[in-house]
Amino acid sequence: MFRVTRRYRFAASHRLHSALLSEDQNREAYGKCNNPFGHGHDYVLDVSARGPADAAGRAVDRAALDGLVERQVIRVFDHRNLNVEVEGFTRAVPTSENLAVEICRRLKAGWGEVFPGEWPKLDGVRIAETPRNIFEVGANEIE
Ligand code: NI
């Protein structure tokens, strides 16, 4: 059994601001990420899948995975303002935690069509907002 990780990149802007918090609470919770005019990140996304190697010695069809990530994630997030252009974030705050969950949810939703067999399975996603801030979520941890 192998765990295979493939890396992707996209750029997006966001503002961290919750309607449930006061202005002061927002500043305290999000610091400079609460700046009203937003800011951008060059996100690095790692998508991991696991499965046994097939007869060709490959555990994951990379072209199939690339197509799925392109359709379900890159096309939706790249060069977007997450707060206003991505449906999942018109209400949820686009923190990297929530972004990881949303990406994983989107990949799970499209997975079966691209990989209809028992393997490979989506293992999880890891997103780096900056080199120091890295967020992971396992596919089994979200519905
Ligand atoms: Ni930010």
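Just so you know, ligand 1 is whichever comes first in the structure, and atom 1 is the first atom listed for that ligand.
- By the salt bridge (Lys or Arg N to Asp or Glu O under 4.0 Å) test, Glu97 pairs with no residue at all, sequence neighbours left out.
- Counting only protein N, O or S atoms, 3 lie closer than 2.8 Å to the Ni ion (ligand 1).
- For Arg27, the salt bridge (Lys or Arg N to Asp or Glu O under 4.0 Å) partners two or more places apart in sequence, or in a different chain, are Asp24.
- Taking the six-membered ring for Trp and thresholds of 30 and 60 degrees, Phe77 and Phe10 have ring planes inclined between 30 and 60 degrees apart.
- Looking at Asp42 and Arg9, no side-chain N of the basic residue comes within less than 4.0 Å of a carboxylate O on the acidic one, giving no salt bridge.
- Taking every heavy atom of both residues into account, Phe2 and Ala59 meet most closely at CB-CB, 4.0 Å.
- For Tyr30, there are no ring pair (Phe, Tyr, Trp, His ring centres under 6.0 Å) partners at least two apart in sequence or on another chain.
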